[in-house]
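Presented below is the structure to which this report refers.
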Amino acid sequence: MYYSAKQLQKRASLKGETSKTSATEKGSMEALELQTVEAGGSTSASTDPLRKHFKVDNEAEVHSSSHDHDSCVLEFDGASKGNPGQAGAGAVLWTVDGSPICRLRKGLGHKSNNVAEYEALILGLEHALKKGYTKIRVLGDSKLVCFQLQGKWKVRHWMMSILYEQAKTLENKFVSFQINHFLREHNSEADAQANLATMLGETEPDATDVIEETEPDANDVGWGKEDPVYPQASVSPAAPTFTLLQPRVVVYDGVCHLCHGWVKWVIEADKHRKIKFCCLQSKAAEPYLKLCGLEKEDVMRRFLFVEGLGLYHQGSTAALRVVSYLPLPYSVLSTLFIVPTPVRDAVYDYVAQRRYKWFGKANHCLVLNHKELLERFIDRDEIIESK
């Protein structure tokens with residue numbers, strides 16, 4: 001059945017209880033975060049100890065909010081089939097009076113449920129800003145995401161910290177931002193989009209196409225239903241995928257003696273051959289730069305580590321992410337993540353700006369001097385031909 005005006009009013013005025021998090025809840029958060037990122041398993045809870053209330057007795061508020069054209073409500077959800085497994089992000093934007101604006105879904109490839117939840121939030125926030133909204137109210141059924149954004153729970157895992165920082169950056173672009181946790185049964189619209197998004201990854205591995213469907217006619221079976229039915233999603237052929245590109249690739253200045261020395265060290269330490277390399281000066285680097293929205297000048301300043309689809313790093317963070325893939329004792333260096341990023345990058349930039357003066361610059365890609373290393377380079381054919 002269609003949502004009544006009263007039900008839409010409830011959706012728009014949903015309030016989250018703001019009681020303090022207990023020590024028990026904090027402990028469960030840590031287990032939840034590590035479980036989904038490192039080990040897998042279900043993250044859904046059969047019951048929610050926090051009770052949510054609907055505010056339905058303020059007709060004047062609803063009337064005035066209908067004229068608030070710079071405000072919207074975002075519902076988000078993530079899904080992972082297997083956790084980690086084939087994942088998708090879903091989001092729905094509503095006006096403050098409960099009218100639908102658009103639905104969004106994005107295939108994520110192989111990800112954990114918590115990563116998918118954060119990706120869904122980021123997807124919705126980015127689109128709300130693109131639509132011109134400056135005030136937003138966010139609703140989601142992920143305690144981890146909501147409580148971390150509220151500052152109730154700490155962010156402990158490195159993957160969560162990266163996504164958390166992206167979400168906080170987007171939050172700061174809004175004039176008004178509020179995020180609340182609510183029960184899963186009230187999040188069916190976003191949940192449906194997230195589950196549909198997982199099929200994008202099944203039809204096209206690591207698909208990143210975002211499907212937006214603006215409000216249709218009243219006869220559209222997809223809107224306002226208890227059990228929404230949507231048309232089969234299609235993937236744009238222009239969407240970048242990793243069908244040709246590879247994950248865990250370092251793109252660096254191949255003529256820099258300092259950079260090449262570091263690459264040699266990583267290759268020797270990387271016994272399990274997890275990391276691959278590409279010289280910035282080769283054409284093979286161009287798709288990776290395009291994927292990350294970077295120019296060559298950007299990578300000349302700070303080398304690039306493409307960890308996966310939609311996940312890349314530069315500078316000191318890139319270096320620490322690379323060493324985290326190395327076996328012990330080398331991976332211990334990744335504990336330097338505790339040093340604030342601005343401090344790490346300041347040191348990195350100081351050395352990088354003087355690397356040619358201090359260590360020298362070659363006229364060709366230096367890996368040619370160590371041909372035994374070429375097998376780890378995705379651009380090895382191009383390098384050999386350029387000799």
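This chain uses plain numbering: 1 for the first residue, then up along the sequence. Note: hydrogens, waters and symmetry copies are ignored here, and every other heavy atom, side chains too, is used. Everything quoted here is computed from the prediction, not taken from an experiment.
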Legend entry - All side-chain contact (heavy atoms from CB on, under 4.5 Å) counterparts of Thr169, not counting sequence neighbours: Lys173
Inset, instruction - Mind listing the closest non-hydrogen atom pair of Ala285 and Cys279 along with its distance? - result: CB-O, 3.6 Å
Inset, instruction - Indicate yes or no for a side-chain donor-acceptor contact from Arg248 to the backbone of Lys274 under 3.5 Å, with no hydrogens or angles considered. - result: yes
Inset, instruction - Please answer whether the main-chain N or O of Gln86 pairs with a side-chain N or O of Thr198 as donor and acceptor at a distance below 3.5 Å. - result: no
Inset, instruction - Please round to the nearest 0.5 Å and tell me the distance separating atom CE of Met160 and atom CG of Leu144. - result: 6.5 Å
Legend entry - Rounded distance [0.5 Å steps], CD1 in Ile136 versus CG in Leu93: 6.0 Å
Inset, instruction - Given side chain to side chain contact (heavy atoms under 4.5 Å, CB included), test Glu375 with Arg273 step by step and report yes or no. - result: CA-CA 10 Å; Glu375 61 176 346; Arg273 308 166 67 87; 3.4 Å; yes
Inset, instruction - Flag yes if Trp265 and Tyr325 sit in one hydrophobic cluster, no otherwise; membership is Ile, Leu, Val, Met, Phe, Trp, Tyr, and two members link when side-chain heavy atoms are under 4.5 Å apart. - result: yes
Legend entry - Side-chain heavy atoms of Tyr330 within contact of Val323, under 4.5 Å: no
Inset, instruction - Kindly say whether Phe277 contributes a backbone atom to a donor-acceptor pair with the side chain of Arg376 at under 3.5 angstrom? - result: no
Legend entry - Asp77 side-chain N/O to Gly140 backbone N/O, donor-acceptor pair under 3.5 Å: no
Inset, instruction - Give a yes or no answer on whether the side chain of Gln193 reaches the backbone of Val92 with a donor-acceptor pair at less than 3.5 Å. - result: no
Legend entry - Salt bridge present between Glu307 and Arg321 (N-O < 4.0 angstrom): yes
Legend entry - Interatomic distance, Tyr288 atom OH to Leu280 atom CG [nearest 0.5 angstrom]: 13.5 Å
Inset, instruction - Would you indicate whether the side-chain heavy atoms of Val339 and Val347 approach each other to under 4.5 Å? - result: no
Legend entry - Shared hydrophobic cluster, Tyr348 / Leu336 (ILVMFWY, side-chain heavy atoms < 4.5 Å): yes
Inset, instruction - Please determine which of Arg302, Arg301, Arg344 meets the salt bridge (Lys or Arg N to Asp or Glu O under 4.0 Å) test together with Asp349. - result: Arg302
Inset, instruction - Answer whether the closest heavy-atom distance between the side chains of Phe182 and Glu75 falls below 4.5 Å. - result: yes
Inset, instruction - Answer yes or no: is there a side-chain heavy-atom contact under 4.5 Å between Cys102 and His127? - result: yes
Inset, instruction - Please confirm whether the backbone N or O of Gly132 pairs with a side-chain atom of Asp70, one donor and one acceptor, at under 3.5 Å? - result: no
Inset, instruction - Return each pair, listed once, that meets salt bridge (Lys or Arg N to Asp or Glu O under 4.0 Å) where at least one residue sits in residues 250-266; pairs must be two or more places apart or across chains. - result: Asp253-Arg355
Legend entry - Intermediate values then yes/no, side chain to side chain contact (heavy atoms under 4.5 Å, CB included), Ile101 and Thr95: CA-CA 7 Å; Ile101 300 171; Thr95 62; 3.7 Å; yes
Legend entry - Side-chain heavy atoms of Leu121 within contact of Leu74, under 4.5 Å: yes
Inset, instruction - Calculate, to the nearest 0.5 Å, the distance between atoms CD1 and OG belonging to Ile378 and Ser282 respectively. - result: 7.0 Å
Inset, instruction - Using the rule that two of Ile, Leu, Val, Met, Phe, Trp, Tyr join whenever any of their side-chain heavy atoms come within less than 4.5 Å, decide whether Leu258 and Leu320 are in one cluster. - result: no
Inset, instruction - Determine yes or no for a side-chain-to-main-chain donor-acceptor pair under 3.5 angstrom, with Glu117 supplying the side chain and Gly78 the backbone. - result: yes
Legend entry - NZ on Lys131 to NE2 on His69, rounded to 0.5 Å: 14.5 Å
Inset, instruction - Please confirm whether the backbone N or O of Phe377 pairs with a side-chain atom of Arg380, one donor and one acceptor, at under 3.5 Å? - result: yes
Legend entry - With Phe76, the side-chain contact (heavy atoms from CB on, under 4.5 Å) member among Val138, Leu123, Asn187: Val138
Legend entry - Least distance between heavy atoms, Ala79 atom then Asn195 atom: CB-OD1, 4.1 Å
Inset, instruction - First locate atom SG of Cys72, then atom CH2 of Trp94, and finally report the distance between them rounded to the nearest 0.5 Å. - result: 12.5 Å
Legend entry - Check ion pair Asp379-Lys283 (N to O, under 4.0 angstrom): no
Inset, instruction - Report the C-alpha distance between His157 and Asn114 in whole Å, list the side-chain angles of each, state the deciding distance to 0.1 Å, and finish with yes or no for side chain to side chain contact (heavy atoms under 4.5 Å, CB included). - result: CA-CA 11 Å; His157 196 276; Asn114 278 348; over 6 Å; no
Inset, instruction - Could you tell me whether the side chain of Ile162 reaches within less than 4.5 Å of the side chain of His313, counting heavy atoms only? - result: yes
Inset, instruction - Assess whether salt bridge (Lys or Arg N to Asp or Glu O under 4.0 Å) is satisfied between Lys168 and Glu171, documenting all intermediate values. - result: CA-CA 5 Å; Lys168 292 297 287 185; Glu171 173 189 334; 3.1 Å; yes
Inset, instruction - Identify the heavy atoms of Cys278 and Val249 that sit nearest to each other, and give their distance. - result: CB-CG1, 4.2 Å
Legend entry - Trace of the side chain to side chain contact (heavy atoms under 4.5 Å, CB included) decision for Leu294 with Tyr312: CA-CA 11 Å; Leu294 299 173; Tyr312 71 91; 4.0 Å; yes
Inset, instruction - Would you please indicate yes or no on a ring centroid separation below 6.0 angstrom for Phe303 and Trp262? - result: yes
Legend entry - Transitive ILVMFWY side-chain link Val343 to Tyr350, under 4.5 Å: no
Inset, instruction - For residues Ser80 and Lys111, determine if any side-chain heavy atom of one lies less than 4.5 Å from a side-chain heavy atom of the other. - result: no
Legend entry - Exercise: identify the closest heavy-atom pair between Thr341 and Thr317: CG2-OG1, 4.1 Å
Legend entry - Common cluster, Val351/Val322, ILVMFWY with side-chain heavy-atom separation under 4.5 Å: no
